[in-house]
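Convention: sequence-line order gives letters A, B, ...; per-chain numbering from 1.
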Number of protein chains: 2
Amino acid sequence: MEVMQLDDRKKQVLHAIVDDYVSTNEPVGSKALIERHDFRVSSATLRNEMAELERMGYIEKPHTSAGRIPSDRGYREYVDSLMTVDELTPEEQLEIKQNIDESVDEVTDLIKNATQTLSRQTGFVSLAMSPRLRKSFLTQLKILMIEPGKALVVMVLSAGVVKDKVVRIPNFITDEQMFKISSAVEKHLTGKPLDEITLVTVETSVTDTEIPNPLLKQVLYEAYTAIKQADELNIYLDGEHRMLELPDFSSLGRARELLGTLSDSSMVAGYVNEMQGSAEEKGAEDTYMIRIGQEIAIEGLEDCSFITATYNLSDSVSGNIGVIGPKRMEYSKVISQIDFVKKTINENIKRLT
Amino acid sequence: MEVMQLDDRKKQVLHAIVDDYVSTNEPVGSKALIERHDFRVSSATLRNEMAELERMGYIEKPHTSAGRIPSDRGYREYVDSLMTVDELTPEEQLEIKQNIDESVDEVTDLIKNATQTLSRQTGFVSLAMSPRLRKSFLTQLKILMIEPGKALVVMVLSAGVVKDKVVRIPNFITDEQMFKISSAVEKHLTGKPLDEITLVTVETSVTDTEIPNPLLKQVLYEAYTAIKQADELNIYLDGEHRMLELPDFSSLGRARELLGTLSDSSMVAGYVNEMQGSAEEKGAEDTYMIRIGQEIAIEGLEDCSFITATYNLSDSVSGNIGVIGPKRMEYSKVISQIDFVKKTINENIKRLT
DNA sequence: GTTTAGCACTCGAAGTGATAGAGTGCTAAT
DNA sequence: ATTAGCACTCTATCACTTCGAGTGCTAAAC
C-alpha cells in the first residue's frame, strides 16, 4: 500500500475495471479487459499492471483464481478523479419532471414525491432529510384553544413552513387568557431564529399578572416543546424493497442485514446530519457528499455507497436528498440523477414560496 | 372435496398437524405425529385418516414422499373451530404496556407506537389504519392567514382529532375578509358529519357580498379540499424487514414478491377498508377479521395471513390495527397479542380525550 | 368393520467425484 | 518494458449415489 501516484495507464486500467465490474457484476480478468477495451498491450502486461494496482490497494481478488474487483479505495479514486459526470438526456429529465410535477402545496409532499421518484429512477433506496429549520425564524405564532385542556400551537416560519402541535394545558385557562398569552408570546418571539429560542426566552415573554403563575408556566412550557418539536429533524426513506432486486444483495443474509439496518431510520438520519455538519465546516456547502463502503460509519452498510446532495428552502434553510445503493453502482449516472432531482426540487420550492 | 363434517378424531389429527407444522416448519408425517401426541392408534391408522383429510381438502403434500401440511382450508378450520385463544401472560402484557405507555399527546403517535410494538412482539409486519373520520363531525373550523396568498385551515373534529392543511388563496384577500369567511363557514358547518359536507354545502355557507365572488369561491373550494383531505384514510406499515427473518420467506423470490407488494401500501389500505366494510354489513363490528392465504385478494400475499382488529376513537369513529404474517403462524398467540394491543390503545385513547 | 403390521415404492436432500474454465503468477525470450 | 507460454489454483457445475422419511396398499388380526 505505497503512497504513489497512478500513472496514466494505471488510471486507464482502473477506470476500465470499475466500468466493467459495474456493468457485468463479475470480477474482471486480464483477458476480458483486453477484449472489451483496446489497450494496445497484451493481457500479460495488463496482468502486471493489475498486480501492481492490487499491491497499491485499488483492486482486490475475491479468491486466487478469479478476476479483480475494485476496493473501496479503487472506487474512491474512480469517483474523485477518473469518472466524468454528464447531464441526463432530455428524455430522462422529462421522466423525472413528470413524476414530480404533479405535486402539491406543501413542501413536505414535494420532497416525498421527489424521493420516491429518485428511488424509482435509480432502483436503489432513496432518502430525504427534512429541512434544518434551526436557522429560520418565527414569523407567526398562535395558540388556539381547541377545548378545555387542549390547545393547538401553530407556528409559521420564515422559510414558509407551517408547523403545529396539539398540547395539553390546564383546564382552567379561558379563551381570553389564552389569547392574551398567545399575543404576548408571538410579539416576543417573532423574528427570532428557532435555535435561539430557549425555555427562558419563552417564559419571560409574558408579563401578565392576572393568570396564576403555575398555570401560565405550564402553558409556556408546552409552547416551548411545540417550538422545539418544529426544529426536529425527520428522515424519509423510500424503496427499501428495491434492494432485493439487486444481485449485490441476492444472498439473503446480506439483504436481511441491510434492511434491518435501514429500518432504524433515526440512525441513518443521525449519520446524514453528521456528514452535513462536517461538510459545512469545510465550507463545501453546495456539493455532493459521497461515502463508499467502509467509509460509512454504520454497521450493515459496508457494502453500500451513500450519496447525498443539498436542496434549499431559503438561504439559510436546507435539507438533504440522496441515495443508498450498492458500492457497485454507476456513480456518474446516479449523481446526475440526484443532481437533477435536487434542481427540480429547488425550482418547485421557488414556485411554492 | 366432499361436504362432510369432521369426526372427532379427524379434528384431533388436523389440530395436531397444524400445531406441529407451525412449530417445526416441516411437513408432518404419520410417524412423527404418533411420537409427539399420544393418539391411541398406530401410524397406519393415522395414515388412513390423513389420506382422508387430504381428500377432503384440509391438508396437502408438498410432494409424494413428504409429510402433510395444512391447506388454506385446514388453517381456516383450525382458526374457526379447533384452536382456543388464551390471554397473554402478565409478563407479556407488561412488555407490551411498557412499550406503548411512554407515549404522547397525539392519537397518531399513539397508534404508530402501538403498531411498532405489535410488529416487534409478533415478529411480523404490523399495520394500522387511521381512524375513519367520516362519521365524526366538525366542532371547530378556522382559516388563518399565513401570508398573502397562503392560509391554514384548522379543523377540530368530534373525536378530539385536529387536522389542518395549508392552502393557497388569492393574494388580494385581506385578514378581515378571511376572518369573516372563516366565521361564516364555521358557523354553517359546525356539527355536520364530514361525509355530509359537500362542495355545495361549503359554497353556500357564506353570503357576504363584499368579497368578489370568484375570489370567495376559490377560498371556499380550498377549504373544501382541506376538509376532504381530513377524511382521507392513511395506512401505516411497520416491520417489513422482519419478514426476511422468517424461514417461510427464505427464498429470495418470495421475499422480494412480498416486500414489493407491501411497498404499495395504498393497495393494502384499500383492502383493509373493504374488509372492514363487509364486516360492518354483517354487523360483526367488534371482532377480528382473519384472511388466510388465497382468501386475501392481493397478489403477492398468497402465502400470508392477515389478521386485524378494530380500535375505537369514539362510538362512531374507529380504525384498524393488525398483522400480516406467514400462513404458518401461531394464530391464537397472535390474536391475543393483537387483542391486547387493541385494548391498550383503547384505554390510552380514553386518557387522551 | 376397523385396525395394524409389513413392504415396495417415491422423491428430495445431501454427499462425492470428476471436469471444465477462467484467471493468476512466473519465467524466459523478444 | 513487453510478451508468449505454461504450470497452478480455485470455483462452479453436473452426474451419480446414497440415505431416510414418508406414502399407499395389501393381507392378516382384532
Please enumerate all protein N or O atoms sitting under 3.5 Å from an N or O of nucleotides 13-16 of chain D, with distances to 0.1 Å.
none

For this session: Kindly point out which of D:dG22, D:dT23, C:dG23 is positioned nearest to the side chain of B:Met50?
Result: D:dT23
Any side-chain donor-acceptor pair under 3.5 Å between [X] and [Y]?
X        : Y        : result
A:Tyr78  : A:Asp80  : no
A:Ser119 : A:Gln116 : no
A:Ser305 : A:Tyr331 : yes
B:Ser266 : B:Asp264 : yes
A:Asp238 : A:Tyr236 : yes
A:Ser81  : A:Glu77  : yes

For atom [atom1] of [X] and atom [atom2] of [N], their distance in whole Å:
X       : N      : atom1 : atom2 : value
B:Glu52 : C:dG1  : CD    : P     : 15 Å
A:Glu35 : C:dG21 : CD    : C1'   : 14 Å
B:Ile69 : D:dA21 : CD1   : C1'   : 16 Å
B:Ile59 : D:dG22 : CD1   : C1'   : 13 Å
A:Glu54 : C:dT24 : CD    : P     : 9 Å
A:Asp20 : C:dG23 : CG    : C1'   : 15 Å
A:Glu60 : C:dT24 : CD    : P     : 14 Å
B:His63 : C:dA13 : NE2   : C1'   : 9 Å

Exercise. Is A:Arg291 close enough and on-axis enough to A:Phe306, meaning under 6.0 Å and within 45°, for cation-pi?
Worked result: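 No; the conditions do not both hold, so A:Arg291 does not lie above the ring face of A:Phe306.
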Exercise. Does NZ or CZ of B:Arg254 lie under 6.0 Å from the centre of the six-membered ring of B:Phe249, at an angle within 45° of the ring axis?
Worked result: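 Checked: cation-pi criterion not met.
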Verify the contact: side-chain N or O of [X] to OP1 or OP2 of [N], cut-off strictly under 4.0 Å; return yes or no.
X       : N      : value
B:Lys61 : D:dA21 : no
A:Ser30 : C:dT24 : yes
B:Thr64 : C:dC11 : yes

Polar-atom pairs under 3.5 Å, protein N or O versus N or O of nucleotides 2-8 of chain C: list them with distances, or write none.
unit_1	atom_1	unit_2	atom_2	d
C:dT3	OP1	B:Arg9	NH1	3.2
C:dT3	OP2	B:Arg9	NH2	3.2
C:dT4	OP2	B:Ser42	N	2.8
C:dT4	OP2	B:Ser42	OG	3.4
C:dT4	OP2	B:Thr45	OG1	2.5
C:dT4	O5'	B:Ser42	OG	3.4
C:dG6	O6	B:Arg47	NH2	3.1

For this session: Take atom CZ of A:Arg76 as the centre, draw a 6.0 Å sphere, and report whether it contains more than 12 heavy atoms from other residues, nucleotides or ligands.
Result: yes
